[in-house]
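Okay, so here's the structure we're looking at.
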There are 2 protein chains.
Amino acid sequence: MQIFSEETITSADKTFFQLRSDIVEGLIPSGSKLSETELSTKYAVSRAVVREAINRLASSHLVERKSNIGARVVALSADGLVQLYQVRESLEGMAARLAAANMTDDEIDELNQLLNRQFQEVKDGKSYYQEAGDLDFHYRIIVGSKNDHLISMLLNGIYHLVRMYRVQLGMAGPRVTTAFDEHKHIVQAISNRDQELAEMLMRRHILYSKNNIEKKLSSISTERKA
Amino acid sequence: MQIFSEETITSADKTFFQLRSDIVEGLIPSGSKLSETELSTKYAVSRAVVREAINRLASSHLVERKSNIGARVVALSADGLVQLYQVRESLEGMAARLAAANMTDDEIDELNQLLNRQFQEVKDGKSYYQEAGDLDFHYRIIVGSKNDHLISMLLNGIYHLVRMYRVQLGMAGPRVTTAFDEHKHIVQAISNRDQELAEMLMRRHILYSKNNIEKKLSSISTERKA
DNA sequence: CCAAACCAAAGTGTCGACAATATAGTCGCA
DNA sequence: TGCGACTATATTGTCGACACTTTGGTTTGG
């Protein structure tokens, strides 16, 4: 596999991926400080590559850096979540619209097949559908937009933050089957090349998703008070 | 001035700003290669800071970097312009909508005053309105959205690319007065807290702007053929 | 006892040198 | 002559050391 290797992977790349994963998964807690020297010993690389990795994380909005002071993992907040989903709604809505215009028939076929496979899994009960499937679905539509800026902003920037919120708020919950139906309708709209509808359905889909995760977040903060 | 100094400015910062400016203004031609060693002697800093600056430029989509090969300034193209304005339309439309919801009355007042000043300048003929005023207008609305992700994506990412297209295509042309009217209507919508209208007018404003610049681009490419 | 200046420890910013990789030109061979 | 392997060169990737800034605690003067 991976016929086109292209682009060799540097040490800084690996450190960046590792760090990003550790942050998203919560191994490095949100709000904590990232010490360059400490991380360089931990990952057994020079401080320079850790620095580069941290800079990239800052570009992805996963950490905040202040000169001469250091970098901290972003703090999750209700307000941050709202802002994040505002832009996500707008950008992914746009992605769906462009996808309806620009995806090839083959790509749309594959999208349909993906959904069918997931439907089987859901029916067979062995469904931990959840993350993997959902991500794959959104991923294909984003890429299908064929707009490089959009793709980059979503995949390099926003998406890992979204995952970070989901993971750290423990989103293993419900909303599996209903999300599946929403996905199906979106793909139908794309199949029909109905740009308007695709955008609207995607925006709504993300809005529901926000409400769902927001509810979880408020229930947690009330738990804390109790 | 600058009461809150906050955030000391490092050598890498200065190099980044300098490089970005040189690229946007065309002093470093689009498509050309950026040699780390060469630039480090040119700007009299170490290769490390040039590297960091280039990495940031890559995050801003002003250069493209490939590992072990180097970085090139992005090439301007008709397709790239279309993609850029697609996301700009969506994001700034969203900014206008959020601004109508989130700007304070004072901020809206200042926006109105800005427009009045510009109107005077236009009337007095001394108007090279063009860039400065237009940028200031859009800037305030973007910031007025109060959405950090949106602000960052537009101001750090997209805007310099937009300017690069404008500068290098020689946009000193017309469309001054008409753009002014469009600005006025957008501010009116924001004043009325009409989110829907503000978004729609902004999207349309940017669409016109795209058509204008696109026309210029095609006229240049036909010139070349002749 | 408090406040301001000072000092020391820790961490980030910058640098020059070395290692690894890509590129272009040369040589040899069919 | 044309093609492929090899070598030399230039450029990027990585490293450890040094310079500067921040921070927290200590001392000193009121």
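Each chain gets a letter, A, B and so on, in the order the sequences are listed, and its residues count up from 1.
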Quiz item: Taking atom P of C:dT12 as reference, at what distance in whole Å does atom NZ of A:Lys33 sit?
Solution: 4 Å
Quiz item: For B:Lys66 and D:dT11, is the shortest distance between a side-chain N/O and OP1 or OP2 below 4.0 Å?
Solution: no
Self-check item: Under-4.0 Å salt bridge between B:Glu107 and B:Lys146
Solution: yes
Quiz item: Among the nucleotides C:dG11, D:dG13, D:dT14, which one has an atom lying closest to any side-chain atom of B:Arg47?
Solution: D:dG13
Quiz item: Less than 4.0 Å between a side-chain N and a carboxylate O, is that true for B:Glu92 and B:Lys210?
Solution: no
Quiz item: Within the structure shown, what part of the strands sits under 4.0 Å from A:Thr37 by heavy-atom distance: base, sugar-phosphate, or nothing?
Solution: base
Quiz item: If you check the A:Glu36 side chain, which of C:dG13, C:dT14, D:dT12 turns out closest?
Solution: C:dG13
Self-check item: Whole-Å distance separating the NZ atom of A:Lys14 from the P atom of D:dT14
Solution: 9 Å
Exercise. Answer yes when A:Arg47 and A:Glu36 have at least one side-chain N-carboxylate O distance shorter than 4.0 Å, and no when they do not.
Key: yes
Self-check item: Nearest-Å distance for atom pair CG/P, residues B:Asn55 and D:dT14
Solution: 11 Å
Exercise. When you get a sec, tell me which of D:dG13, C:dG13, C:dC15 is the closest nucleotide to the side chain of A:Arg51?
Key: C:dG13
Quiz prompt | Closest to the B:Ser11 side chain, choosing from C:dT12, D:dT14, C:dT14 | solution = C:dT14
Identify all pairs in which a protein N or O lies below 3.5 Å from an N or O of nucleotides 19-24 of chain D, and state each distance.
none

Exercise. Would you kindly give the CZ-to-C1' distance between B:Arg72 and D:dT11, to the nearest whole Å?
Key: 13 Å
Quiz item: Salt bridge check: are A:Lys42 and A:Glu38 linked by an N-O gap of less than 4.0 Å?
Solution: no
Quiz item: So, is A:Arg65 near the phosphate of C:dG13, with a side-chain N or O under 4.0 Å from OP1 or OP2?
Solution: yes
Quiz item: Would you call A:Glu52 and B:Arg51 a salt bridge, using N to O less than 4.0 angstrom?
Solution: yes
Quiz item: Do the ring centers of B:His61 and B:His160 come within less than 6.0 Å of each other?
Solution: no
Quiz item: With a non-hydrogen cut-off below 4.0 angstrom, is B:Ile54 in contact with a base, only sugar-phosphate, or nothing?
Solution: nothing
Quiz item: Expressed in angstrom and rounded to an integer, what is the separation of A:Ile9 atom CD1 from D:dT14 atom C1'?
Solution: 17 Å
Quiz item: Ion pair present between A:Asp134 and A:Arg166, side-chain N to carboxylate O less than 4.0 angstrom?
Solution: yes
Self-check item: Phosphate OP1/OP2 of C:dC15: any B:Ser46 side-chain N/O under 4.0 Å
Solution: yes
